[in-house]
S.K.: 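This structure is in structure tokens; I'll ask about it shortly.
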Amino acid sequence: MPRASSVFVCSSCGHETGRWAGRCPGCGEWNSLVEQLRAAPTAGRAGRGAGGALGGARGAGPAVTPVALRDVDAVEHERLATGIGELDDVLGGGLVPGSLVLIGGAPGIGKSTLTTMALANLCAAGRRTLYVSAEESAAQIRLRAQRLGGGEALAVPVIAETDLSTVLATLEQERPEVCVIDSVQTLHCADLSSAAGSVAQVREVAGEVMNLAKRRRIAVLLVGHVTKEGALAGPRVLEHLVDCVLQFEGERERTYRTVRAVKNRFGSTDEAGVFEMRDHGLVEVLDASARFLAEATRAPGSVVLCAMEGSRPLLVEVQALVSASELVPPRRVVSGLDRNRVALVLAVLGRHAGIGLGTADVFVNVVGGVRVDEPGADLAIALAVASAARRTALTGGDAGHPLACFGELGLTGELRSVAHADRRLQEARRFGLDPVLEPESLGSLRAAVAAALGSGRRAAVAA
Ligand code: TYD
Ligand code: MG
């Protein structure tokens with residue numbers, strides 16, 4: 001049952017009802033009723049929450065005078081540096097006072113660790129901070145802080161609290177400059193009957209925290225969990241609300257993690273930071289290319305991709321395994337890449353480069369737990385699979401170093417150029433990987449496969 005203060009409103013037709021039902025009595029849509037706080041009746045204006053649906057009399061408030069954009073003060077945002085270079089870069093230079101940053105990631109990826117480290121640095125730099133944990137006890141947070149070493153993290157003030165109004169009151173009283181809320185799904189607003197983590201709760205919690213943050217100019221790092229599919233659990237609604245959405249990705253079993261901005265009102269969404277989870281917290285990986293390259297194998301099925309992580313070139317190893325299948329349809333197992341992209345590349349490889357894989361299981365993986373989501377990865381997928389299918393190791397040049405490549409594949413088998421070709425080439429050359437197979441010099445997938453497999457055979461003969 002809803003509390004006296006709440007109603008259920010249909011997210012499709014706006015129908016309002018006092019009781020929850022699986023199906024909207026207004027339009028018949030299933031699972032569309034979302035609990036909302038009842039709007040406080042104010043003269044002339046529909047209140048917050050169910051205001052739109054209530055259809056209160058509008059237009060009775062005082063009017064305001066619009067100003068031309070050139071007359072609007074463009075304030076340079078002051079920034080609070082977290083002291084974690086990779087994170088500050090992704091944020092566009094640090095946290096902006098009064099802004100809400102949502103950090104989404106799977107459980108165990110390191111969200112609490114990263115936010116604790118950021119607060120520790122800010123606290124050490126003399127900023128007022130507060131860590132609100134609605135997930136762990138103060139003792140658990142202390143253990144993590146001890147693990148981080150250095151002692152700075154132990155100075156961060158913390159509360160372990162799940163009740164929203166208590167948290168808001170504490171924020172009012174303590175007036176931190178930076179605050180972490182871990183997590184938005186575990187805080188609970190007592191005025192709503194829905195369970196913590198439900199859409200209604202998450203929306204209410206984030207909305208209230210935002211109001212306070214804007215009013216008191218508190219920079220808030222809001223931690224959110226993501227579902228298996230990668231969407232922020234429940235609070236997709238939050239993405240509109242907050243100023244910045246950071247995605248924390250990686251595989252829990254692996255040590256590498258990337259943080260990227262998918263939305264940023266105060267900076268670009270091009271930047272990405274690479275971290276490694278160590279015994280004493282997250283460590284920035286400043287030269288990720290060198291790391292990944294040092295670990296690259298030169299076995300059949302391996303190729304180096306000159307990828308772009310935002311505006312930064314990154315060399316990663318793409319591996320493929322092709323084996324006879326007993327299944328119909330055969331297996332396609334992909335990690336770190338888009339499945340549909342891989343399916344497309346396999347189709348083009350069969351049709352235009354004579355490498356048919358209809359009866360084979362194909363596994364494709366980006367090594368190190370990194371995710372590459374860009375069309376420039378197509379050629380690397382194709383060459384890794386071709387190399388695996390032909391059991392030929394790919395090497396670049398006479399020195400026998402790993403073969404590097406990049407390029408997008410068209411459906412007719414042509415290679416298409418991708419953004420930042422010069423920076424990708426530069427990065428490859430920095431590590432002595434030359435020549436690089438790329439669209440400018442090759443033109444078609446068939447030519448690229450021939451060049452790649454040819455290089456391998458030459459190396460085998462020379463050895
Ligand atoms: P955590 O930050 O609690 O993840 P999240 O808040 O995203 O759920 O930490 C995740 C994992 O990292 C946890 O399994 C323990 C490990 N870890 C380290 O390996 N080293 C460390 O220094 C810390 C603090 C955690
Ligand atoms: Mg956590």
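Bear in mind that the values here come from a model prediction, so they are computed numbers and not experimental data. When a ligand or atom number is given, it counts from 1 through the structure's own listing order.
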S.K.: Does the protein place any heavy atom closer than 4.0 Å to atom 8 (O) of ligand 1?
M.R.: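 There is a protein heavy atom less than 4.0 Å from atom 8 (O) of ligand 1.
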S.K.: List the atom of Glu284, the atom of Phe275, and the distance in Å for their closest heavy-atom pair.
M.R.: CG-CE2, 3.7 Å
S.K.: For side-chain hydrogen bond (donor to acceptor under 3.5 Å, both in side chains), just list the numbers for His225 and Glu135, CA-CA rounded to whole Å, side-chain angles, deciding distance to a tenth of an Å, and then say yes or no.
M.R.: CA-CA 12 Å; His225 297 289; Glu135 265 186 11; 2.5 Å; yes
S.K.: Which residue holds the protein heavy atom closest to atom 3 (O) of ligand 1, what is that atom called, and what is the gap in Å?
M.R.: Arg144 NH2, 2.9 Å
S.K.: At their closest point, which heavy atom of Ala206 faces which heavy atom of Leu238, and how far apart are they?
M.R.: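 Looking at all heavy atoms of both residues, the shortest contact is CB-CD2, 3.1 Å.
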S.K.: Any chance CZ of Arg144 has more than 12 other-residue heavy atoms, nucleotides or ligands included, within less than 6.0 Å?
M.R.: yes
S.K.: Any nitrogen or oxygen of Asp182, main chain or side chain, under 3.5 Å from a nitrogen or oxygen of ligand 1?
M.R.: no
S.K.: Taking distance alone, with no angle check, do Gly281 and ligand 1 share an N/O pair under 3.5 Å?
M.R.: yes
S.K.: Is the Mg ion (ligand 2) less than 2.8 Å from an N/O/S atom of Ser112, whether that atom is in the backbone or a side chain?
M.R.: yes
S.K.: Looking only at protein heavy atoms, which one is nearest to atom 6 (O) of ligand 1, and what is the separation?
M.R.: Ser112 OG, 2.7 Å
S.K.: Under 4.0 Å, counting heavy atoms only: does Glu135 come that close to any atom of ligand 1?
M.R.: no
S.K.: List the closest protein heavy-atom neighbour of atom 4 (O) of ligand 1: residue, atom name, distance to the nearest 0.1 Å.
M.R.: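 The closest one turns out to be Gly110 N, 3.1 Å.
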S.K.: If you measure from each heavy atom of Gly105 to ligand 1, is any distance below 4.0 Å?
M.R.: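 For ligand 1, residue contact (heavy atoms, under 4.0 Å) with Gly105 is absent.
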S.K.: Suppose we measure from atom 1 (P) of ligand 1 to each protein heavy atom; which comes out shortest, and what is that distance?
M.R.: Thr113 OG1, 3.5 Å
S.K.: Is Asp279 touching ligand 1 with its side chain, its backbone, both, or neither, if touching means heavy atoms under 4.0 Å apart?
M.R.: backbone
S.K.: Taking C-beta and beyond as the side chain, do Asp287 and Arg430 meet within less than 4.5 Å on heavy atoms?
M.R.: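 Heavy-atom side-chain distance check passes, below 4.5 Å.
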S.K.: Determine whether more than 12 heavy atoms belonging to other residues, nucleotides or ligands lie under 6.0 Å from atom CZ of Arg416.
M.R.: no
S.K.: State the atoms of ligand 1, each with its element, that fall below the 4.0 Å cut-off from a heavy-atom position in Gly108.
M.R.: 4 (O), 5 (P), 7 (O), 8 (O), 10 (C), 11 (C)
S.K.: What are the two closest non-hydrogen atoms of Phe431 and Ser289, and how far apart are they?
M.R.: CE1-CB, 3.6 Å
S.K.: Can you list the ligand 1 atoms lying under 4.0 Å from a non-hydrogen atom of Pro107?
M.R.: 8 (O)
S.K.: In ligand 1, which numbered atoms sit nearer than 4.0 Å to a non-hydrogen atom of His280?
M.R.: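 Once the distances to His280 are compared, the set is 22 (O).
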S.K.: Quick one: do Ser6 and Glu35 satisfy side-chain hydrogen bond (donor to acceptor under 3.5 Å, both in side chains)? Show the steps, please.
M.R.: CA-CA 7 Å; Ser6 68; Glu35 193 185 19; 2.7 Å; yes
S.K.: Which protein heavy atom lies closest to atom 12 (O) of ligand 1, and at what distance to 0.1 Å?
M.R.: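 The closest one turns out to be Met277 CE, 3.2 Å.
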S.K.: Measure from NZ or CZ of Arg424 to the centre of the six-membered ring of Phe406 and say whether it is under 6.0 Å with the direction within 45° of the ring axis.
M.R.: yes
S.K.: What protein heavy atom is closest to atom 18 (C) of ligand 1, reported as residue, atom name and distance in Å?
M.R.: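 Among all protein heavy atoms, the one nearest atom 18 (C) of ligand 1 is Arg147 NH2, 3.2 Å.
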S.K.: Which atom pair, heavy atoms only, marks the closest approach of Val242 to Lys263?
M.R.: O-NZ, 2.9 Å
S.K.: Using a 6.0 Å cut-off, check whether atom CZ of Arg391 has over 12 heavy atoms from anything other than its own residue.
M.R.: no
S.K.: Side chain or backbone, does Arg278 bring an N or O within less than 3.5 Å of an N or O on ligand 1?
M.R.: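 Such a contact does occur with ligand 1.
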S.K.: Side chain, backbone, both or neither: which part of Lys111 has a heavy atom under 4.0 Å from ligand 1?
M.R.: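 Contact part for Lys111 vs ligand 1: both backbone and side chain.
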